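As the structure is a prediction and not an experimental result, all values here were calculated from the model.
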Amino acid sequence: QVQLVESGGGLVQPGGSLRLSCTASGSISSFSMYTISWARQAPGKQRELVARAVIGANTIYADYVKGRFTFSRDNAKNTAYLQMDSLKPEDTAVYYCNALRLSLGVQYDYWGQGTQVTVSS
C-alpha cells in the first residue's frame, strides 16, 4: 500500500507564500517514475489541476497559477513540493497531490488526503 501525505498548508495573508510538501511512503518504488500532480478544491467547486510534472517533459501549470507557483521534487526523499508565492484569496482551497504511473499495463494512481490553504487578511 502507498500513502501520500501533504503538509505545509495554513493561513497566510494575500501576497504571502507557502511551500507544500507531498511525501510518499509504503510500497512505492521508483518514485522518480511517477507523474506528480497538484490539484485543489475550493468549497462548492470541482477539483482543478494546479500543476503536473510529467517525466521527461516540462511541468504544466494552470493559467491561474502560472508565474506564481513552482513545482519541484526530491526523488531521493520521495517528496514533491509546490512553492506558492504571491498568494491570492482565490487560491484558498484544499490542495491534493497525486502520483500516477503506468507500468506493464497496470495503472498506479494515488491521492493524498489534502492540506488546507487559506489566504485571507
Side-chain angles (χ1 to χ4, degrees):
Q1 190 71 324
V2 173
Q3 296 83 37
L4 297 180
V5 178
E6 301 97 334
S7 61
L11 173 64
V12 64
Q13 292 187 340
S17 298
L18 285 174
R19 189 175 82 152
L20 306 184
S21 299
C22 170
T23 300
S25 63
S27 304
I28 188 167
S29 61
S30 304
F31 180 78
S32 62
M33 299 303 294
Y34 281 78
T35 291
I36 303 297
S37 299
W38 285 95
R40 68 187 186 187
Q41 187 167 18
K45 295 187 177 181
Q46 289 189 330
R47 190 172 297 188
E48 60 184 12
L49 178 69
V50 174
R52 174 167 291 145
V54 179
I55 302 300
N58 292 329
T59 300
I60 299 169
Y61 296 95
D63 287 343
Y64 35 83
V65 305
K66 200 172 294 184
R68 301 187 297 121
F69 290 12
T70 305
F71 174 93
S72 63
R73 67 194 298 168
D74 185 341
N75 292 323
K77 295 182 178 180
N78 288 353
T79 299
Y81 305 96
L82 185 69
Q83 176 67 39
M84 306 188 297
D85 299 318
S86 303
L87 283 162
K88 305 175 181 180
E90 52 263 43
D91 294 320
T92 295
V94 178
Y95 283 72
Y96 300 89
C97 69
N98 171 261
L100 179 67
R101 180 186 178 190
L102 182 63
S103 177
L104 300 177
V106 178
Q107 181 170 285
Y108 300 90
D109 189 359
Y110 307 107
W111 286 93
Q113 83 292 343
T115 185
Q116 176 71 47
V117 171
T118 303
V119 185
S120 175
S121 55

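The closest side-chain heavy-atom distance from Val119 to Pro14 is below 4.5 Å. Put simply, the side chain of Phe31 reaches to within 4.5 Å of the side chain of Arg73, judged on heavy atoms. Looking at Leu49 and Ser37, their side chains come closer than 4.5 Å, going by heavy atoms from C-beta outward. Under the 4.5 Å side-chain criterion, counting only non-hydrogen atoms from C-beta, Ser25 is not in contact with Asn78. Using a 4.5 Å heavy-atom cutoff, the side chains of Arg47 and Trp111 are in contact. Residues Trp38 and Phe69 form no side-chain contact, since every pair of their non-hydrogen atoms from C-beta on lies 4.5 Å or further apart.
The hydrophobic clustering, which links ILVMFWY residues whose side-chain heavy atoms are closer than 4.5 Å, places Ile36 and Val94 apart. Taking hydrophobic clusters as Ile, Leu, Val, Met, Phe, Trp and Tyr residues chained together by side-chain heavy-atom distances below 4.5 Å, Val117 does not share a cluster with Tyr96. Residues Tyr95 and Val12 share a hydrophobic cluster, clusters being chains of Ile/Leu/Val/Met/Phe/Trp/Tyr side chains in contact below 4.5 Å. Hydrophobic clustering, with ILVMFWY side chains joined whenever heavy atoms are under 4.5 angstrom apart, groups Tyr61 together with Leu18.
Interatomic distance, Leu11 CG to Ser121 OG, rounded to the nearest 0.5 Å: 9.5 Å. Between atom OG1 of residue Thr70 and atom CE of residue Met84 there is a gap of 11.0 Å, rounded to the nearest 0.5 Å. Taken to the nearest 0.5 Å, the CZ atom of Phe71 stands 9.0 Å off from the SG atom of Cys97. Interatomic distance, OH of Tyr110 versus CG of Asn98, reported as 11.0 Å (0.5 Å rounding). We find the OG-CD1 distance between Ser32 and Ile55 to be 6.5 Å, quoted to the nearest 0.5 Å. A distance of 11.0 Å separates CD of Gln41 from CD of Gln116, quoted to the nearest 0.5 Å.
A donor-acceptor contact shorter than 3.5 Å is absent between the side chain of Glu6 and the backbone of Cys22. Here the side chain of Arg101 pairs no donor or acceptor atom with the backbone of Met33 at under 3.5 angstrom.
Lys66 and Asp63 are joined by a salt bridge, as a carboxylate oxygen and a charged side-chain nitrogen come within less than 4.0 angstrom of each other.
Atom CZ of Arg68 is surrounded by more than 12 heavy atoms from other residues, nucleotides or ligands within 6.0 Å. Remark: Glu90 CD is packed, more than 12 non-hydrogen atoms of other residues, nucleotides or ligands lying under 6.0 Å away.
The two atoms that bring Ala53 and Thr59 nearest to each other are CB-OG1, 3.8 Å, heavy atoms only. In terms of heavy-atom proximity, Thr92 sits nearest to Ala42 at O-CB, 3.7 Å. In terms of heavy-atom proximity, Leu82 sits nearest to Ala51 at CD1-CB, 4.4 Å.
Thr23 and Thr79 share a side-chain donor-acceptor pair at under 3.5 Å.
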With side chain to side chain contact (heavy atoms under 4.5 Å, CB included) as the test, would you mind laying out the steps for Asp85 and Ser17 before giving the verdict?
CA-CA 4 Å; Asp85 299 318; Ser17 298; 2.7 Å; yes

